[in-house]
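Report on the structure given below.
All of these numbers come straight from a predicted model, not from anything done at the bench. Along the sequence shown, residues are numbered consecutively beginning with 1.
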Amino acid sequence: MSANTLTLVPTHRPWNKGKIIGQKAPLKPKDIWSIRVRLQMQDRVKELALFNLGFDSKLRGCDLVSLHVRDVCHGNQIANRAIVMQKKTHRPVQFEITPTTRESVEALIRQTGLQPDDYLSPSRIHGSPHIGTRQYARILHGWVKEIGLDTTAYGTHSMRRSKASMIYKKTKNLRAVQILLGHTKLESTVRYLGIEVDDALELAEQLDV
């Protein structure tokens, strides 16, 4: 081979080329209400229950989609609180079930006839007992798109972060948010919520020169 001959080396497309990298933004209160009202008005019972549970529970997508009816019910009544074992950490975490969410879950169970051992988000795909995290992500992107938000800025962790972020902004109680998210270390909660960045930006915005 001639010394002047160039050897072509195959190039690999970077996995993050054209993608926005970083934490997904939490939904704001107005976004939560916009999505919720839209789902209510269109009688999308299954999606409404999934949305409300995702917001209240602050669970990771894998834990949310694998919730059983029995996880949120005491007999025939929807519980005020629930406790589940996290798949990632193998540690239990509790969450509240607000009246709005209880109402939507009751409607789901009533309409679909779900039994205690059934999944709250069953899959239509043969061989899959419940919807997967990818399908959940697609559903969430649909919600976000319908209210005019940029889908690239939001993901399943947006739902997990939304209520936690609201609680922190209102109370500044980082320990409480850590417990609600099921984090073992406080530092994980700080990084997850991006608290230091958000607080710094708020301080900068308050400075009017």
How many angstroms lie between atom CD1 of I32 and atom CG of L27, to the nearest 0.5 angstrom? 4.5 Å
4.5 Å side-chain heavy-atom contact, R60 and T89: yes
Tell me whether R161 contacts the main-chain N or O of K24 through its side chain, where contact means a donor paired with an acceptor under 3.5 Å. yes
Looking only at heavy atoms, which two atoms of L193 and A164 are closest? And how far apart? CD2-CB, 4.1 Å
If you group Ile, Leu, Val, Met, Phe, Trp and Tyr by side-chain heavy-atom gaps below 4.5 Å, do Y119 and M159 land in one group? no
Only counting residues at least two apart or in another chain, list the ones meeting salt bridge (Lys or Arg N to Asp or Glu O under 4.0 Å) with R70. D117
Are the side chains of S121 and L53 in touch, meaning some heavy atoms are under 4.5 Å apart? no
Nearest heavy atoms of Q178 and K185, plus distance in Å: NE2-C, 3.5 Å
Note: S123 and I131 closest approach over all heavy atoms is CB-N, 3.7 Å
For the CG atom of D63 and the CD atom of Q86, what is their distance to the nearest 0.5 Å? 6.0 Å
Between T100 and E103, does any side-chain donor sit less than 3.5 Å from a side-chain acceptor? no
Closest contact, heavy atoms only, H130 versus S66: NE2-CB, 3.8 Å
Y192 ring center within less than 6.0 Å of H183 ring center: yes
Would you indicate whether the side-chain heavy atoms of R160 and F55 approach each other to under 4.5 Å? no
Taking the side chain as C-beta and beyond, is there a heavy-atom pair between I109 and V69 under 4.5 Å? yes
Can you tell me how far apart SG (C73) and CD (Q115) are? Round to the nearest 0.5 Å. 10.5 Å
Give the cluster check for W33 versus L39: same hydrophobic cluster or not, with ILVMFWY residues linked at side-chain heavy-atom distances below 4.5 Å. no
Check whether R91 reaches the backbone of T184 with its side chain - one donor and one acceptor, N or O, closer than 3.5 Å. no
Kindly indicate whether the side chain of V144, heavy atoms from C-beta on, has any atom under 4.5 Å from the side chain of H141. no
Shortest non-hydrogen contact from K87 to C62? NZ-O, 3.8 Å
Just jot down the side-chain hydrogen bond (donor to acceptor under 3.5 Å, both in side chains) partners of T112, sequence neighbours excluded, or say none. none
Could you report the tightest heavy-atom contact between T156 and T133, atom names first, then the distance? CG2-O, 4.3 Å
For R138, all residues meeting side-chain contact (heavy atoms from CB on, under 4.5 Å), sequence neighbours excluded: R134, Q135
Between F51 and I35, is there a side-chain heavy-atom distance shorter than 4.5 Å? yes
Which pairs pass side-chain hydrogen bond (donor to acceptor under 3.5 Å, both in side chains) with one or both residues in residues 38-55, sequence neighbours excluded? R36-N52, Q42-R44, R44-E47, R44-E146, E47-W143, N52-S104
Value for CG (D31) from CG (L149), rounded to nearest 0.5 Å, stands at 5.0 Å
Give the cluster check for Y168 versus V190: same hydrophobic cluster or not, with ILVMFWY residues linked at side-chain heavy-atom distances below 4.5 Å. yes
Verify, without hydrogens or angle tests, whether S165 (side chain) and P26 (backbone) share a donor-acceptor contact under 3.5 angstrom. no
Close side-chain approach of L59 to V84, heavy-atom, < 4.5 Å: yes
Quick one, I83 with V93, criterion side chain to side chain contact (heavy atoms under 4.5 Å, CB included). Give me CA distance, side-chain angles, the key distance, then yes/no. CA-CA 6 Å; I83 181 170; V93 65; over 6 Å; no
Is there a side-chain contact between N173 and I167 in this structure, where contact means two heavy atoms from C-beta onward sitting under 4.5 Å apart? no
Once rounded to the nearest 0.5 Å, what's the spacing between atom CG of L174 and atom CD of E187? 9.5 Å
Applying a strict under-4.5 Å side-chain criterion to I, L, V, M, F, W and Y, I'd like to know whether L181 and L64 cluster together. no
Under the side-chain hydrogen bond (donor to acceptor under 3.5 Å, both in side chains) test, which residues partner D56, sequence neighbours left out? T98, T101, K163
Could you tell me which residues satisfy salt bridge (Lys or Arg N to Asp or Glu O under 4.0 Å) with K58, sequence neighbours excluded, listed by chain and number? E96
Does one hydrophobic cluster hold both M166 and L180, with members joined at side-chain heavy-atom distances below 4.5 Å? no
